[in-house]
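Okay, structure first, notes after.
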2 protein chains.
Amino acid sequence: MTGHENLWMRPERPARGPRPSFSRAALAQAAIRIADAEGLEAISMRRLAADLGAGTMSLYRYVTSKDEVFDLMVDTVVGEYLPEDRRPPDDWVEGLRLLAWQARRTMLRHPWLAPLAAGRPQAGPNSARLTETALGMLDALGLSVDEMLTLVGAVFAYVNGYIQSELAEAEALRRSGLTLAQRLAQHLSYIQSLIATGNYPMLERMTKEGGREYMGTDDRFAYGLDRLLDGIAAGLPPRGGPEGPASSR
Amino acid sequence: MTGHENLWMRPERPARGPRPSFSRAALAQAAIRIADAEGLEAISMRRLAADLGAGTMSLYRYVTSKDEVFDLMVDTVVGEYLPEDRRPPDDWVEGLRLLAWQARRTMLRHPWLAPLAAGRPQAGPNSARLTETALGMLDALGLSVDEMLTLVGAVFAYVNGYIQSELAEAEALRRSGLTLAQRLAQHLSYIQSLIATGNYPMLERMTKEGGREYMGTDDRFAYGLDRLLDGIAAGLPPRGGPEGPASSR
DNA sequence: AAAAAACTGAGTACGACGTACTCACTTTCT
DNA sequence: AGAAAGTGAGTACGTCGTACTCAGTTTTTT
């Protein structure tokens, strides 16, 4: 019961016995390298062990399940969200915007991250640093901790949601092996068959205006992020007013 | 090349031969029933076939891969987002808010939906109806189709992101087999060990204020959604102004 | 310095998975 | 009526996560 059932509380190195051949960090690095190069599904315990020059089952000395490998990967890479200079912008809006963009850049650099992180609670040291940093930006606003958490939670919900849908599209394209034009044409011909029923006037307009993709995906990301931050800022009390996150709804 | 490589364009029933014992819809229903009761990972082709009273490989007459089963599930359930009355609120903000809440309700009713939908582009008939409905709500605003898509994309990004993080927490709790209190205590003791380093003043404050969970998760969802809709509405041109989604950033 | 305790990494094995392939059979079109 | 084209069942293969065993090594204790 007092045992260390949590990855992050379990000591990396036991009190006695020979020193391990590698470390959790090395394990995470190796896994990240595989996932970056060949995608998440290329990671198997056998493959990972082979890359590390270890026996497959030896990995279970460092980690109790494959899932914990994923935990290590996520927490390691989440560290990249954090700006390198200790003191980010004073303005909290600029601070959160910066964090959001860093998150976006990181998730695009490691396309496996967004789906993986979305499916598990963030619990490692780097996630803690991230939370600490985000809350620190809101310190001067005079909100309760719960209000702050709600606020940054909303921003990260948007960021994760947006990037995931963006990546899902890219992934589907990659897996289909088609060119973008081919895929669009295929999708379009299905849409056309729906339009033929006469029940989809907006989709019909969509195929006619045909611009598509004229606004880059960076701009789309910025649009939603900026609107959300605008809305949050507008809803904050000018000074000690009654309009904090708690009183919404 | 003119072949039907897409699930939705492939005719369900071929021109000749005996009639199938069941339908794609029945397949989707069976899969949804399993996932609702036992989770996504309980779905295997063998299990699905057994539930349908069919041979395992017979499923591949209806679907070319397991992934297409997931496509069917997602599109089927996405249908539940749509309000049953043809004419939703006139106000576009109320319309989108309603859609967002319907999505939330559906995703909570089918906890496997959010992670699954996030990982694949929406391409089926019900997704098309959803897009049609959402765009229809914005018709009177005088935006271009791309601007509309950006707008509703932002809202759905938030909705998906929020619900996924909410479900991830619940899932982790379920899988750990602990009570909420136990899990919180465990998490807390890790946080405490970090705080002991003195580098986490905000987290320290967090443990002290200790309220936690005083704001329900429905309220948190509403907070971000309402702020986002506020921000979008505020950024719209009063009438033909220069401030549409396109000119952001 | 010696003995005991504890951890190491490699190997083997198991059950479950997605799905390719084969084949006797049934339905529908000509 | 015959032929074409579909049907569902069965078997088989390769891969996965991981439980278990065991000889060997390292560290702590006496």
Side-chain angles (χ1 to χ4, degrees), chain A residues 3-5 7 10-28 30-31 34-35 38-73 112 116 119-120 175-177, chain B residues 3-5 7 10-28 30-31 34-35 38-73 112 116 119-120 175-177:
Chain A
H4 313 279
E5 47 270 323
L7 167 63
R10 205 161 48 235
E12 165 138 24
R13 183 121 161 56
R16 280 232 283 248
R19 34 187 25 259
S21 320
F22 48 96
S23 64
R24 278 183 197 161
L27 202 159
I34 295 173
E38 305 170 46
L40 243 204
E41 65 282 358
I43 294 187
S44 74
M45 297 306 267
R46 290 170 227 264
R47 168 67 192 279
L48 195 49
D51 276 27
L52 285 163
T56 303
M57 293 316 290
S58 302
L59 298 189
Y60 287 91
R61 298 283 157 192
Y62 299 84
V63 116
T64 68
S65 70
K66 189 186 187 184
D67 220 52
E68 287 193 346
V69 175
F70 291 148
D71 285 337
L72 286 175
M73 293 172 69
W112 45 268
L116 204 53
R120 62 194 65 235
R175 271 214 284 249
S176 73
Chain B
H4 312 281
E5 47 268 324
L7 166 64
R10 205 160 49 233
E12 165 137 26
R13 181 117 163 59
R16 280 230 285 247
R19 35 185 25 259
S21 319
F22 47 98
S23 63
R24 275 183 200 163
L27 200 158
I34 296 174
E38 305 171 46
L40 243 203
E41 64 283 357
I43 294 188
S44 73
M45 297 306 267
R46 289 169 227 263
R47 168 68 194 277
L48 195 48
D51 276 28
L52 285 163
T56 303
M57 293 315 290
S58 302
L59 299 189
Y60 287 90
R61 298 284 159 192
Y62 299 83
V63 116
T64 69
S65 70
K66 188 184 187 186
D67 219 54
E68 287 194 346
V69 175
F70 291 148
D71 284 338
L72 286 174
M73 294 171 68
W112 47 267
L116 205 52
R120 63 194 63 236
R175 271 213 285 249
S176 73

Taking for Ile43(B) and for Ser21(A) the nucleotide of DNA chain C with the nearest heavy atom, the one nearer the 5' end belongs to Ser21(A)
Atom CZ of Arg61(A) to atom P of dA10(C): distance rounded to whole Å?
11 Å
Figure out the CG/C1' separation between Leu59(A) and dG17(D), and round it to whole Å.
12 Å
By side-chain hydrogen bond (donor to acceptor under 3.5 Å, both in side chains), Thr64(B) pairs with (sequence neighbours left out) Glu68(B)
What integer distance in Å separates Leu52(A):CG from dA10(C):P?
11 Å
In this structure, how many angstroms lie between the C1' atom of dA10(C) and the CZ atom of Phe22(A), rounded?
13 Å
Could you tell me the separation between the CG atom of Leu27(A) and the C1' atom of dG9(C), rounded to a whole number of Å?
14 Å
Arg61(A): which residues meet the salt bridge (Lys or Arg N to Asp or Glu O under 4.0 Å) condition with it, sequence neighbours left out?
none
Once you round it to whole Å, what is the distance between P of dA9(D) and CG of Leu48(B)?
13 Å
Please determine whether a side-chain nitrogen or oxygen atom of Ser44(A) lies at a distance below 4.0 Å from atom OP1 or OP2 of dT15(D).
no
Hits for salt bridge (Lys or Arg N to Asp or Glu O under 4.0 Å) against Arg47(B), two or more places apart or cross-chain, chain-then-number order -> Glu38(B), Asp51(B)
Output the rounded distance in Å from CG (Leu40(B)) to C1' (dG18(C)).
16 Å
Are side-chain heavy atoms of Met45(A) and Tyr60(A) found at a separation under 4.5 Å?
yes
Grab the N/O contacts between the protein and nucleotides 11-13 of chain D below 3.5 Å, and write none if there aren't any.
none

For DNA chain D, which residues in residues 62-73 of chain B have a heavy atom at a distance below 4.0 Å?
Tyr62(B)
Atom-to-atom span, CZ of Arg47(A) to P of dC16(D) - whole angstrom
10 Å
Where is the tightest heavy-atom contact between Tyr62(A) and Ser21(A), given as atom of each residue plus distance?
OH-N, 3.2 Å
Mind checking whether Leu40(A) and Phe70(A) have side chains closer than 4.5 Å, heavy atoms only?
yes
Please examine the side chains of Leu59(A) and Leu52(A), heavy atoms only from C-beta on, and report whether any two atoms are closer than 4.5 Å.
yes
Restricting to side-chain hydrogen bond (donor to acceptor under 3.5 Å, both in side chains), what partner residues turn up for Ser44(A), sequence neighbours left out?
none
Mind checking whether Lys66(B) and Leu48(B) have side chains closer than 4.5 Å, heavy atoms only?
no
